[in-house]
Each structure stands twice: as C-alpha cells, then as structure tokens.
Engineer: 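To start, I am sharing the structure in question, which I have written as structure tokens.
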Amino acid sequence: MSEVRERRGMTRRELLSRSVAAGAAFVVGSGWVAGSDAAWAMEVTHLKPETMATLIQMARDIYPHDHVPDQFYAIAVKGYDAADRAEMVEAGIAALNAAAQGRGFPSYLDTGWERDRVEILRGMENGSFFQTVRGGLVTGLYNQKEVWPLFGYEGESFSQGGYIDRGFNDINWL
Amino acid sequence: MVAKFELTDDSVVVIIGTGAGGGVLANELAQRGVKVVALEAGGRYFPEDYINDEWESFGQLAWVDPRTTSGDWRVAKDFSGLPAWIVKAVGGTTIHWAGASIRFQDHEWKALSTYGPVQGASLLDWPIDAAEMAPWYELAETKLGVTRTGGREGLPGNNNYLVFEKGAKALGYKEVHTGRMAINSAEYDDRLACQQTGFCFQGCKWGAKWSAAYTDIPRGEATGNLEVRDRCHAARILHNDAGKVTGVEYFDPDGNLQFQAARVVCVAGNSFESPRILLNSASSMFPDGLANSSGQVGRNYMRHTTGSVYAVFDKPVRMWRGTTMAGIIQDEARHDPSRGFVGGYELETLSLGLPFMAAFLDPGAWGREFTTALDAYERMAGMWIVGEDMPQETNRVTLNHDVKDKFGLPVVNVHFSDHPNDIAMRNHAYRQGAAIYEAVGATRTFPTPPYPSTHNLGTNRMSENPRDGVVNRWGQTHDIPNLFVSDGSVFTTGAAENPTLTIVALAIRQADHIAGELSRGNL
C-alpha cells in the first residue's frame with residue numbers, strides 16, 4: 001500500500017473531471033492511474049498511464065479474484081514503472097493491444113468480456129512478457145499481507161501464542 | 001569453553017556440514033572426547049531469529065546458491081534453478097524439517113532381495129539390517145524425543161488432521177494417527193511443548209521441534225571439543241601420496257581460502273554438496289574425484305516419490321493452524337506388488353500458507369481454474385505423499401563446469417527422471433488421497449506435483465561390495481580409510497519413510513565407530 005494511495009481528498013467528480021476513461025475499471029490522467037470509483041490512485045513516471053491501466057487489467061485476468069480490489073493488483077505491478085523495465089512493458093502491452101485489435105476489439109482494455117481477454121492472453125502465454133508478468137504476480141499479489149485476510153489466511157500466530165488455545169482443532173462439521 | 005583449534009592441528013576430525021548427519025555426528029564425537037572442527041557454509045540462527053513468513057523465511061534460510069537441473073521431472077521446468085528446498089545454516093535442514101520420525105520397515109533394508117530386480121533400477125540391499133539398526137534407532141528417538149516412542153504421548157490432531165483421519169477411516173485404513181514426531185507433545189529435554197503455531201517449515205520459534213541448531217550443536221560446543229565455523233564454505237578435500245586425506249580447503253567468511261588439517265574428514269553436506277565436494281577434489285591420483293573408483297559418486301540420486309493432494313470442502317478447515325505434518329496413514333507403506341508397483345508410500349498431513357500455495361499448488365497455472373482453488377483456501381485440506389523411489393544410475397549429480405558459484409567452483413547439475421515404478425506409485429497415491437477427501441465430502445481435489453526436493457538421497461551410496469557404491473557399512477569410503485560420508489547421500493535405497501530419523505541413527509552409530517577406531521589407533 002505504500003505507493004498506491006487511497007484518494008480520500010478527491011471526490012469522484014473531481015477525479016473524473018481531470019481524467020479520461022481507460023476501459024470500465026480505470027481512469028487515467030497525466031502521470032496517474034486511478035480506479036473508476038476513485039478509491040485509489042497511483043502515480044506513474046516511466047510508463048504511459050494507459051499502459052499501467054492495461055497491465056493492471058492483465059494482472060487481474062491472469063489471477064482473477066473477484067473479491068480482491070484492483071488496488072492490490074496495482075500494487076503487484078507497480079514495480080514495472082521503472083526506467084529499466086518501461087521499454088519491455090510498453091512493447092509487451094503494445095503487442096497485447098495489437099492482439100486485441102487483431103480480434104476486432106479497440107484495445108485490450110476495451111475488450112469487454114473476460115473470456116475474450118483470456119483468449120488474447122492464451123495466444124501469448126508462452127512469451128517472455130506474459131511469463132515475466134505472471135511469475136512476478138505469484139509473489140507480487142499473494143505475498144501482500146493486506147491480501148491474506150481476503151482469503152481467510154491468518155499469517156503468523158506466534159505473537160498470539162499459537163493456536164493451542166485459539167482453535168487449532170475447532171472444526172465442527174465432520 | 002567453546003574450542004578453538006589451529007588450522008595446522010592434524011589431530012582433529014573435520015566435518016563438512018552441520019545438519020541431521022553432520023550436526024549430530026559432531027556432538028556425538030565431541031561427547032566421546034574427540035576433537036572436531038565443523039565447517040558450515042551457512043550462518044547461525046536461533047528460534048528467536050526464525051521468521052514466521054514463508055517467503056521471508058525462505059530468504060533467510062534456504063540454500064539458493066546456483067544449481068542447474070535436467071531430466072523429465074517437473075521441478076526442472078518449474079524451478080529450474082532450485083532442485084531442492086533445503087537449508088543453508090548451522091543445523092542445516094533440521095531447522096526446516098517437518099519432524100516426521102519413522103523407522104524403516106524391516107524389509108526396506110533389503111530392497112533388492114525383497115522386490116527382486118526391477119528393470120532400469122539399480123536396486124541393492126543395504127549392508128546393514130533392521131536388527132543391527134534397532135538400538136541406534138532407539139537412541140535417535142530418545143535424542144529427538146519422538147512422540148509415540150519411549151512412552152511419549154502423541155500430538156493432538158489439528159483441523160487438517162481431523163479431516164484426514166475421518167476420510168482415512170471411511171476408506172478402512174487402520175494405521176492412522178498423529179505421527180511419530182520429533183515435536184514435543186509435552187516438555188522434554190529442556191524444550192517446550194508444541195503450541196500449535198504452524199510454520200514448522202520456517203524453524204520452530206518455541207524450540208518444540210528438535211533441531212540440531214539448538215540441541216546437538218550447542219551441547220557439542222559445551223564439551224570444549226567442538227568448534228563450529230559458520231559461513232565457511234568447503235571447497236576441496238586434499239590428500240597425501242599415500243592416498244589418505246589430509247584436510248579440507250575452505251573459503252572463510254571473508255572469502256579467503258584456508259586449509260584445515262585433519263586426521264579424519266567426514267562429508268555431510270547433503271546429497272548435492274557431498275558428491276560435489278568429492279568430485280571437485282579430483283587429483284592426479286584420483287582423476288574421477290575422491291572415493292570414486294566405483295564411478296558411483298553422484299549416481300543413484302533419489303528424492304522420494306512425492307506429490308500432494310489438496311482438497312476443497314464446502315465448509316472451513318483452516319489447515320494452516322497447528323502442527324504442519326502431525327498426521328500419517330501407514331497402510332500403503334507395505335510392499336504389495338498387486339498394486340502395480342514395488343515398495344510403498346506414506347500419506348502425511350501437510351499445509352502451506354497462502355503465499356506458498358500460490359507458488360506450489362500448480363506451478364505455472366493461471367486463470368479461473370487456478371484462482372477459484374485459491375479462493376477456497378480457507379476450506380482446503382492437504383496431504384503429502386512420500387514413497388520409495390527407484391534408484392537409477394542415470395539419475396545423478398554431476399559438476400556443471402559452465403556455471404560457477406561465487407567462489408568460482410563448478411556448481412552441480414541435478415538430473416532426474418521418474419522410473420515407471422515411481423509414476424505408478426504416485427498415481428496410486430493421488431487416487432487414494434483424493435478418495436480419502438471425497439469420503440468426507442470434498443467438492444474438488446488437486447493432484448499437486450512434487451515440490452523442489454527436501455529428501456535428497458543416495459548419491460554416495462552404502463554397499464557391501466566396493467564396486468557397487470561409495471561407502472561401506474560405517475559410511476567409510478571404500479577407497480580412502482580416513483574419509484567418511486555422514487548424511488543422506490549414503491542411503492542405498494530410500495524406503496518409504498521420511499529420512500531424518502535414519503540419518504540421525506546412522507550418525508550416532510558412525511560416531512561410536514569412529515571414536516572407537518580412533519582410540520584403537522586404527523584411524
């Protein structure tokens with residue numbers, strides 16, 4: 001959460017007044033990407049904001065969890081906004097958009113159905129860009145401590161004395 | 001009180017590695033008055049240092065120096081640089097191990113005689129048997145405080161176990177319990193009882209699980225006979241013109257090459273590093289590496305036939321709560337060729353945290369088939385398969401001269417392909433594992449592929465005949481009388497059981513032998 005901030009200070013109207021839509025889920029402005037609900041926003045320095053928005057959508061389509069908000073996917077791919085990775089990412093997202101256009105969609109973000117986006121991804125899943133993004137998400141997404149409670153995972157228990165008195169054998173439906 | 005020996009002191013026994021083999025051997029020798037220098041590549045960590053976070057702990061403890069892989073095993077594809085999940089630290093993989101401590105079955109010491117020749121397998125009988133090992137097993141169980149032995153109570157079953165037990169009993173399995181574990185069910189040997197904290201694989205912060213890191217190593221040091229040099233990476237074993245080893249060259253913590261003289265050298269760096277050191281010590285007298293006149297150094301690499309079965313239910317399980325592996329079904333461990341394979345397998349409870357589940361449930365998978373499984377993480381139960389795999393001469397550890405470590409030493413390549421017997425056994429275990437969970441209402445099951453290996457065995461195997469293996473019944477190399485191997489690489493065959501208890505029993509026995517031979521003037 002360090003780099004992706006909650007935008008409590010800006011109303012949805014204010015945000016939208018300075019932005020353009022990027023697909024249904026995101027809005028972008030000069031040097032930033034935000035959720036369409038204005039719940040979070042992220043500065044981007046090295047990537048085009050549209051590229052980052054597409055990358056966040058790609059991350060969700062690779063590991064879709066409907067109960068995990070976009071901001072966690074944004075955090076997971078934030079590290080690609082770096083000088084030494086921007087060229088690789090811009091090229092990868094350009095190829096993704098080209099593949100979408102080859103299937104008759106305006107862009108990857110404007111491909112409405114997940115099943116169509118997944119087909120586009122299937123077409124590039126053996127390539128290095130896809131594998132880099134997918135591999136990075138395994139830790140980038142699932143190793144966020146803030147994500148764990150959304151899956152029920154409790155993390156460490158040593159600080160609370162373990163589960164010896166807190167339900168290590170509390171299953172009640174067997 | 002902690003000893004400090006001169007580099008030129010050629011009266012010491014040098015042990016390379018401080019895990020279940022080397023760490024125990026070091027203490028057992030020190031207790032018998034033998035002076036020991038133990039070289040450990042990793043650093044020193046105690047329970048207060050252990051981190052109950054899977055990836056952070058992996059970064060602290062795992063051996064991640066470069067290695068390469070080949071063969072048709074899936075690990076070579078999914079984790080090509082990480083063939084093993086083992087520890088680089090004082091105490092070695094006894095920090096990470098689950099604690100499962102079961103003896104070989106009697107017939108498993110005689111695999112070739114029991115199973116008969118198996119095409120493509122280099123099966124052999126151990127030169128020792130169950131009767132000879134029984135007293136050493138008892139000493140090992142007492143040292144480790146193994147539950148359900150010596151009058152010690154079993155651990156209580158956690159949620160993951162209760163699901164596993166109910167399914168097992170529904171299928172008619174009889175030998176089902178919370179395991180014989182080197183995890184205290186009550187205070188024992190100045191160590192606390194298990195607090196059901198989970199994270200057994202990340203080092204037990206209570207010290208309830210036995211680890212050489214905080215038992216044998218400090219106790220050996222307290223005798224004044226043991227000096228442990230941590231962050232010292234053994235490079236090469238040197239020898240004289242008479243063909244006896246004279247000491248060990250190693251890189252000290254500053255990266256400077258040192259030479260420690262020795263009367264006896266014991267190699268206990270696990271099944272990758274031990275053959276690596278022997279092969280890297282090749283000389284004009286021993287051009288194929290030390291102790292390798294048989295050509296068997298590095299061959300017959302075994303990793304157990306493993307895999308996992310995870311299952312999803314319609315109600316919560318919370319498998320991560322409590323002891324990670326306190327649950328076992330032993331009915332399938334028997335040798336019964338009517339199942340379509342020789343040897344047998346154990347089924348043991350296992351859980352992973354969410355981060356490792358994402359990495360290991362189905363490596364490389366993506367999309368909703370994968371993510372809906374993780375969505376059900378809270379409703380998931382899990383078990384691990386551990387069965388006897390077939391030794392094969394072509395499954396082997398070799399030096400990869402194209403890849404060097406930070407010291408400029410060639411790294412190992414680990415080549416492994418399943419034997420058809422391994423595949424038949426794994427498929428049988430996947431079916432039984434799924435059936436166990438379906439019997440208690442699982443809505444979905446996952447036959448999960450093997451993780452990077454934790455049981456690494458056989459690459460310096462024990463044999464009666466010097467032609468067939470690297471070491472004799474004492475772990476002494478056939479070729480060089482004052483060179484011993486003291487870890488799981490001496491395993492002639494792997495049996496179905498988790499190997500640590502057997503490694504510890506062999507190390508205690510070897511210490512007794514070496515101390516005796518030293519006092520008799522034979523070494």
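Residue numbering restarts at 1 for every chain, and letters A, B, ... go by the order of the sequence lines.
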Engineer: How close do E156(A) and N52(B) get, counting heavy atoms only, and between which atoms?
Structural biologist: CB-O, 3.4 Å

Engineer: Would you mind checking which part of K315(B) comes under 4.5 Å of any heavy atom in chain A, side chain (CB onward), backbone (N, CA, C, O), both or neither?
Structural biologist: both

Engineer: Counting heavy-atom pairs closer than 4.5 Å to chain A, which one of R321(B), K205(B), R379(B) comes out on top?
Structural biologist: R321(B)

Engineer: So which atom in V163(B) and which in I171(A) form the shortest heavy-atom distance, rounded to 0.1 Å?
Structural biologist: CG2-CD1, 3.5 Å

Engineer: Any chance you could measure C204(B), atom SG, to F158(A), atom CZ, to the nearest 0.5 Å?
Structural biologist: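 Going from the SG atom of C204(B) to the CZ atom of F158(A) covers 8.5 Å.
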
Engineer: Shortest non-hydrogen contact from W320(B) to E154(A)?
Structural biologist: NE1-OE1, 2.8 Å

Engineer: Nearest 0.5 Å, what's the CG-OH distance between L150(A) and Y377(B)?
Structural biologist: 14.0 Å

Engineer: Non-hydrogen atoms of chain A under 4.5 Å away: do they reach the side chain of D375(B), the backbone, both or neither?
Structural biologist: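 Contact with chain A is through both the backbone and side chain of D375(B).
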
Engineer: Can you say whether L374(B) sits under 4.5 Å from chain A via the side chain, the backbone, both, or neither, judging by heavy atoms?
Structural biologist: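 Both parts, backbone and side chain.
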
Engineer: Answer yes or no: are there more than 12 heavy-atom neighbours, outside E125(A) itself, under 6.0 Å from its atom CD?
Structural biologist: yes

Engineer: Please identify, among N159(B), V317(B), N160(B), the residue contributing the most non-hydrogen atom pairs under 4.5 Å to chain A.
Structural biologist: N159(B)

Engineer: Heavy-atom cut-off 4.5 Å, strictly under: side chain, backbone, both or neither for E56(B) against chain A?
Structural biologist: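 Just its side chain gets close to chain A.
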
Engineer: Distance check, rounded to the nearest 0.5 Å: L162(B) atom CG versus F168(A) atom CZ?
Structural biologist: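 If I round to the nearest 0.5 Å, the distance is 8.5 Å.
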
Engineer: Can you name the closest pair of heavy atoms from F151(A) and L354(B) and give their distance?
Structural biologist: CD1-CD2, 3.7 Å

Engineer: Hey, are the side chains of P355(B) and W148(A) touching, using non-hydrogen atoms and a 4.5 Å cut-off?
Structural biologist: yes

Engineer: If you measure from CG on N158(B) to CD1 on I164(A), what distance do you get to the nearest 0.5 Å?
Structural biologist: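 Here the rounded value is 11.0 Å.
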
Engineer: Does atom CD of E153(B) have more than 12 heavy-atom neighbours from other groups under 6.0 Å away?
Structural biologist: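 Result for CD/E153(B): open.
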
Engineer: Is R166(A) in contact with chain B via its backbone, its side chain, both, or neither, using a 4.5 Å heavy-atom distance?
Structural biologist: backbone

Engineer: Is a donor on one side and an acceptor on the other found under 3.5 Å between the side chain of N143(A) and the backbone of W55(B)?
Structural biologist: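 Side chain of N143(A) to backbone of W55(B): no pair is present.
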
Engineer: Please determine, among D61(A), L137(A), L141(A), L121(A), the option with the most heavy-atom pairs under 4.5 Å with chain B.
Structural biologist: L121(A)

Engineer: At a 4.5 Å cut-off on heavy atoms, which part of P156(B) comes close to chain A: side chain, backbone, both, or neither?
Structural biologist: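 Both parts, backbone and side chain.
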
Engineer: Is the shortest side-chain N to carboxylate O distance from R368(B) to D66(A) below 4.0 Å?
Structural biologist: yes

Engineer: Is A365(B) close to chain A through its backbone or its side chain, or both, or neither, when contacts mean heavy atoms under 4.5 Å?
Structural biologist: backbone

Engineer: Heavy atoms under 4.5 Å from chain B: which residues of residues 102-115 of chain A carry them?
Structural biologist: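 The stretch touches chain B at E114(A).
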
Engineer: At their closest point, which heavy atom of Y142(A) faces which heavy atom of A358(B), and how far apart are they?
Structural biologist: CD1-CB, 3.3 Å

Engineer: Is it the case that atom CD in E48(B) sees more than 12 heavy atoms from other parts of the structure closer than 6.0 Å?
Structural biologist: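 Counting neighbours around CD of E48(B), more than 12 heavy atoms of other residues, nucleotides or ligands fall under 6.0 Å, so yes.
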
Engineer: Just to verify, what does W366(B) make a ring pair (Phe, Tyr, Trp, His ring centres under 6.0 Å) with, not counting sequence neighbours?
Structural biologist: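 Partners of W366(B) under the ring pair (Phe, Tyr, Trp, His ring centres under 6.0 Å) test: F130(A).
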
Engineer: Would you confirm whether W173(A), through its side chain, and P316(B), through its main-chain N or O, come within 3.5 Å as a donor-acceptor pair?
Structural biologist: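 Indeed, once roles are kept as given, a pair shorter than 3.5 Å links the two residues.
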
Engineer: Who in residues 172-183 of chain B is close to chain A, using a strict under-4.5 Å heavy-atom cut-off?
Structural biologist: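 At a heavy-atom separation under 4.5 Å, chain A is reached by no residue of residues 172-183 of chain B.
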
Engineer: Name the region of Y161(B), side chain, backbone, both or neither, that has any atom closer than 4.5 Å to a heavy atom of chain A.
Structural biologist: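 Contact with chain A: none, neither part.
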
Engineer: Which one of G364(B), A193(B), P363(B) has the most heavy-atom pairs closer than 4.5 Å to chain A?
Structural biologist: G364(B)

Engineer: Looking at every non-hydrogen atom in both residues, tell me the closest pair between L174(A) and V440(B) and how far apart they are.
Structural biologist: CD2-CG1, 4.1 Å

Engineer: Under 4.5 Å, heavy atom to heavy atom: which of residues 73-85 of chain B reach chain A? Give them by number, or say none.
Structural biologist: none

Engineer: Between D53(B) and K145(A), does a side-chain contact (heavy atoms from CB on, under 4.5 Å) hold up when you go through it step by step?
Structural biologist: CA-CA 10 Å; D53(B) 175 293; K145(A) 284 191 173 63; 2.9 Å; yes

Engineer: Could you measure the distance from the OH atom of Y63(A) to the OG1 atom of T371(B)? Nearest 0.5 Å is fine.
Structural biologist: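 If I round to the nearest 0.5 Å, the distance is 9.5 Å.
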
Engineer: About how many Å separate OH of Y153(A) and CE of M357(B), when rounded to the nearest 0.5 Å?
Structural biologist: 10.0 Å

